Structure formats: C-alpha cells, structure tokens
**Q** 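Here it is: the structure, laid out below.
This one's a predicted model, so the numbers in the text were calculated from it and none came from an experiment.
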Amino acid sequence: MAKTAKKPAAKAARPVPKRAAARTAAKAKPSAKAKAMTKAVPRPQVKAAAAKPRLPKGPAWQWSAVETAAAIRSGAVSSVEVTQAHIARMHAVNPKLNAVVVDLSEDALKAARAADKARDKSGLLHGVPVTIKENVDYEGRPNPNGVQAQMGIIAPSDAPVVRNLKKAGAIVLGLTNTPEFSFRGFTDNPLHGLTLNPWDPEITCGGSSGGAGSAVAAGIGTIAHGNDIGGSLRWPAHCNGVVTIKPTQGRIPAYNESAAGERPMLAHLMSSQGPLARSVADVRLALEVMSRRDPRDPWWVPAPLEGDKPKRPIKVALAKIPDDMDVDPSVRAALRQAADHLERSGYRVSEVEVPDISGVWQTWCDVITTEGVVMQEAKMLAVTSEDFHKAWGGMRAKAEILDLAGWMKATAQRSTHIRAWQLFFEDYPVVLAPTTVKPTPGPRDDTVSAERVQEIFFNEIRFISAINVLGLPGAVVPVTVHNGQPIGVQLIAGRYREDLALDAAAAIEKGAGMLVRQLWERLA
C-alpha cells in the first residue's frame, strides 16, 4: 500500500490557497502540545476539524480508477506513489504474461511528478495509471500494429483517444500487445510474441485487445485502452474476467495520422475505441473521458452519455440461442445467473428470439472480409506470419467475397438489420446475450485449421461479431468462474444507449462481485 506523502516543513510555511492549507493541516502529524490543545477544545469544534484523507483498501495497484483519482485529488496519496506501485506490479507479472510490450515507466514517472506539481488537478483521471493498445498513434512511438515490417511507422501525433486520456490527467504506463494487423482473436505475433491469460496460460487472453485485457486483469493500470471491429474489446474482457463497453460507432473519436490512407467505409463504421477495466464504474469513467470531441474524426457524434430512462420495470430480452449453435452447459448456467442478478435488481427478464443474429453475422463476415481482400490482403500477406495466413484464410473461406453489386446490396441490408434491432429495443431496451457459447479456447486455436477458425467465429462468438455490423453498444461483465476460467455475458442496447447497457452490467456486477479479486488471491 502506498504511504501518504509528507510535505517538508519549509513548504508548509509558504503562503498557500485555503484548500491546500486545509490538506496540509490534515496531513500534518500533531505535536504533544497540539494534542493537549485539542483536548481543551470544545467537542463541536473538534468534530468540525478536517478529517485525514483515507486510502482505499489493499495495495495501490488493486484500487479502482475511481478510488485512485479520488485518493490523489484528496491528497491522501501522490500520483508518483500510485504510479510506482503499478510499475512495480508490471515488472513483477508482465515478464510472464507479455501483456505490455512497450515499457514507458520512465515517461510515466516524469508525467506523475508533473501531475503532483500541477496547480490544476481537476482532470477526471488526474494522476491515474492506464495502458494504451499498440495499434493507435502514440506521438513519437512506432505504430506497428503487431507487424515487424511496420516498425518504421512513427506517430507524428497522439490519436484522439490517447489525447483525451492525457488531457484528463491519465499516466500511460506502457503499450499493450495486439496480433498482426489486429485481425486475429488471439494475441500473438512474431514482433512481440504470445500474450498469456493471467487466469490460465492454457487459454487465450483473447484478441485483438488481448494485451489490454491481460494487463488490466493482472493489475497493470486501472484502465486499458482497446478497440473493437469484430469483438476485440468484448472477447478479451470475457477471457480475462474484466468489464468493457464497445461504444456506438461515433461515440469515441478515432484517427491515426500515421496511416497511409483512410479505412474503407464499413470497416470504419464497424470499429470502435473503448476501455477495459475491473469494474463498471471505471468503464463509465473511462468512457466519459475517451468520448470527448476531436475535430480530426468526421464521424464523431456529440450524443449525451445518458438518455431518458425506460419505463420500469425495464424489460430485458434473454436472447434465444440459435439451434445450430453448440452450447456448453456452463454458458447456459452463467446466462441464467446473470438473469437472476438482473431480476433481483428490479429488471424483468424474458427469453426471447432476437432479430436474425445469424444473418447479421454473415453480413459482417462478408463485408469486412471483402473490404480486406480489396484494400489490404496482398500487402498483409506479404509481411505476416504463417499463423496469420491460417487465421485469415479460415475467415476468408467462411465469407462470400462480394462484387460491387453484392457489396452495395450488403451495405443496404445492413440498414434493414439495424432498423429491426432498433424496433426490437422499443419493447426490450436491453438484450442479455452470450459472449461465447463454449469454454475459452487455447492461446493459438485459430491456427489449427480453417474449419476451427470458422467454428470459433461463427459458432462460438457469433453474438459478439454480429453486433459490430449493427454499430450498437455492447457491454461485457464477468458473472462467474467455471473450472478456474472466468465467464462473462454481453449486454446490448440501442444506439448511443451505453448507459442502459452499463446500468444492467452494474446490476450483474452487484450480485457477482469483482471476479479479478479471485485471480489476485491466486497470484499472491
């Protein structure tokens, strides 16, 4: 646990603002004379004296982002002390996990010292340690996106999400691992190697934000940045037993100045930046920070973070799982457990068939693969590993590569799908769905065969990838641990209603608790 920093007597003698003086007085150790004087003061005045700020329980790396920000703001602890605790944790567990692949400890300590000296400490994440995924621009650093051949791409500026985190006062500890071109659901590449799941090295940490999920679950940073075009926030959140929100497209601004060209239209519309954290409250806080405007993203939408509350009790649709999906009993049990938590919090849960999840998934697969084939395939295959070729080939085999007319029809059909879901939300504002319907696979399962790739994406995580083509927000929250592996569920809401998805996630979290505490006990 970090200790409260004591200010030198010389500094205490300088004229300071009233609030700073109050904090200094609260932290000063009283002398014997002062104690005697305190006894003589009438009781009401003693009660009125400023209370000494208290630290959260446990070591600093276990504190939530909300707790950490409050402790720093109150003067109970310094940003340097918190940052040092997270760096020590990173150096203790990361050599085994390989979650953080660029160590920015020196820069982090420099930023933490500046944060402690700053007059303005109003930033929502002032002095709070975080990590950034190594596929967005971080000024002055390479943006290789998991590919050795791209190490020469140097970011001339911070991506909007990085800029927003820094503006809020966050301290960046390091950059986290991602697969080649962030295209796999498993985090491994020849540049940095394999990232392990802190719960169990025999299961994947997910992808493509697998480094982010592994890091934040293990206690490296309070918030991890990631992104999601086919499940890359929600899948790692499930695998690592943490919380996330894939926001509505346009909620969080995105742009990489280092990119050679713009992304194709549907790839852009299906991709979202977002946070992973250990609690719903931290995800809410990170979402608020990340979603600040950046003029470089023409698709950014100034939508409010909270909308009108639905009529109570709020109806939740427990999604019926299509008959062709092979479902493990542990997943059905976790969904029922999540439904019970929701009902105990006043929600009304009914098992309902949701609009054409299979057709939506196939639209996602066809469109994203076609755009990849036309815009990127040749260049990607020229610089990537055999493992990447196997994973990409499996997805390609499941997709219909569309001609121009087919692509136009698919993009038009996307609007039909979105409309059907929006109308569905009129009756059921929240959908409770699985993340995966099977136990978490091994760390390189997508390299086994093309058939295994298709089984993972179409059978196991169909409910994740399908949501990207709809552009809808989806939260993942852990529910239980089965055979030593965390199981999460997904909560889907209407466009720009992240608040409804997170409200439901908070109700589940209230019943299930913060599961990473079990992990920390195991790693202790």
Side-chain angles (χ1 to χ4, degrees), residues 1-5 55-56 58-94 99-134 136-141 155 157-176 211-212 214-226 242 273-279 281-283 285-290 292:
M1 182 187 295
K3 296 181 179 179
T4 304
L55 294 173
W61 60 264
Q62 291 185 2
W63 302 347
S64 71
V66 172
E67 290 173 332
T68 303
I72 292 171
R73 195 173 297 117
S74 72
V77 70
S78 70
S79 175
V80 167
E81 290 172 307
V82 171
T83 301
Q84 287 173 334
H86 278 268
I87 290 172
R89 179 64 177 175
M90 178 168 64
H91 292 166
V93 300
N94 194 61
V100 177
V101 291
V102 177
D103 187 338
L104 298 176
S105 295
E106 290 186 13
D107 290 344
L109 285 171
K110 182 179 179 181
R113 286 191 288 268
D116 287 334
K117 291 177 181 177
R119 288 177 177 268
D120 183 6
K121 293 181 169 61
S122 61
L124 293 179
L125 291 174
H126 185 87
V128 178
V130 303
T131 61
I132 302 293
K133 184 177 177 180
E134 197 192 31
V136 298
D137 281 358
Y138 195 91
E139 185 175 356
R141 300 287 320 173
S157 63
D158 285 334
V161 70
V162 176
R163 184 175 291 182
N164 282 344
L165 285 165
K166 287 183 176 179
K167 282 183 177 179
I171 308 297
V172 180
L173 298 169
L175 309 183
T176 56
S214 176
V216 77
I220 306 170
T222 61
I223 294 165
H225 155 263
V242 295
Q273 307 294 315
L276 298 103
R278 274 120 42 179
S279 69
D282 282 0
V283 167
L285 178 61
L287 177 65
E288 181 177 354
V289 168
M290 291 179 174
R292 301 292 170 86

**Q** Is there side-chain contact between Ile223 and Val216, with heavy atoms separated by less than 4.5 Å?
**A**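 Contact flag for Ile223/Val216 side chains = no.
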
**Q** Measure the shortest side-chain to side-chain distance between Ile72 and His126 over non-hydrogen atoms and say whether it is less than 4.5 angstrom.
**A**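 The answer is yes, as the side chains (C-beta and beyond) meet within the 4.5 Å cut-off.
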
**Q** Should Trp61 and Val93 count as side-chain neighbours, where that means a heavy-atom distance under 4.5 Å?
**A** no

**Q** Please report the shortest heavy-atom distance between Ser214 and Ala99, naming the atom on each side.
**A**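 Heavy atoms of Ser214 and Ala99 come nearest at OG-CB, 3.8 Å.
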
**Q** Taking side chain to side chain donor-acceptor pair (under 3.5 Å) as the definition, give me every residue that meets it alongside Glu134, ordered by chain and number, with sequence neighbours left out.
**A**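 By the side chain to side chain donor-acceptor pair (under 3.5 Å) rule, Glu134 matches His192.
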
**Q** My understanding is that only residues two or more places apart in sequence, or in another chain, count here; which of them pass side chain to side chain contact (heavy atoms under 4.5 Å, CB included) with Asp116?
**A** Ser78, Ser79, Val80

**Q** Mark yes or no for whether Asp282, through its side chain, and Ser64, through its backbone, hold a donor-acceptor pair below 3.5 Å.
**A** no

**Q** Does Arg278 use its side chain to pair, donor to acceptor, with the backbone of Trp63 at less than 3.5 Å?
**A** yes

**Q** Which heavy atom of Thr68 sits nearest to which heavy atom of Pro129, and what is that distance?
**A**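 Nearest heavy atoms, Thr68 then Pro129: CG2-CD, 4.4 Å.
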
**Q** What are the two closest non-hydrogen atoms of Glu67 and Pro56, and how far apart are they?
**A**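 Minimum heavy-atom contact is CB-CG, 3.8 Å.
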
**Q** Using the test side chain to side chain donor-acceptor pair (under 3.5 Å), find all partners of Asp103 that sit at least two apart in sequence or belong to another chain.
**A** His91, Ser105

**Q** Distance-only check: which donor-acceptor pairs under 3.5 Å involve side-chain atoms of residues 162-176, not counting sequence neighbours?
**A**
from, atom 1, to, atom 2, distance (Å)
Asn164, ND2, Met290, O, 3.0
Asn164, ND2, Arg292, O, 2.9
Lys166, NZ, Asp158, OD2, 3.0
Thr176, OG1, Ile132, O, 3.4

**Q** With Asp137, which residues qualify under salt bridge (Lys or Arg N to Asp or Glu O under 4.0 Å), at least two apart?
**A**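 For Asp137 there are no salt bridge (Lys or Arg N to Asp or Glu O under 4.0 Å) partners, ignoring immediate neighbours.
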
**Q** Between atom OG1 of Thr83 and atom NZ of Lys110, what is the distance when rounded to the nearest 0.5 Å?
**A**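 Answer rounded to 0.5 Å: 14.5 Å.
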
**Q** Specify the closest pair of heavy atoms between Val242 and Ala277, including all atoms of both residues, with the distance to one decimal.
**A**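 Answer, listing the atom of Val242 first, then Ala277: CB-O, 3.2 Å.
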
**Q** Apply side chain to side chain contact (heavy atoms under 4.5 Å, CB included) to Arg141 and list each qualifying residue two or more places apart in sequence or on a separate chain.
**A**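 Arg141 satisfies side chain to side chain contact (heavy atoms under 4.5 Å, CB included) with Val102, Leu104, Tyr138 once adjacent residues are dropped.
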
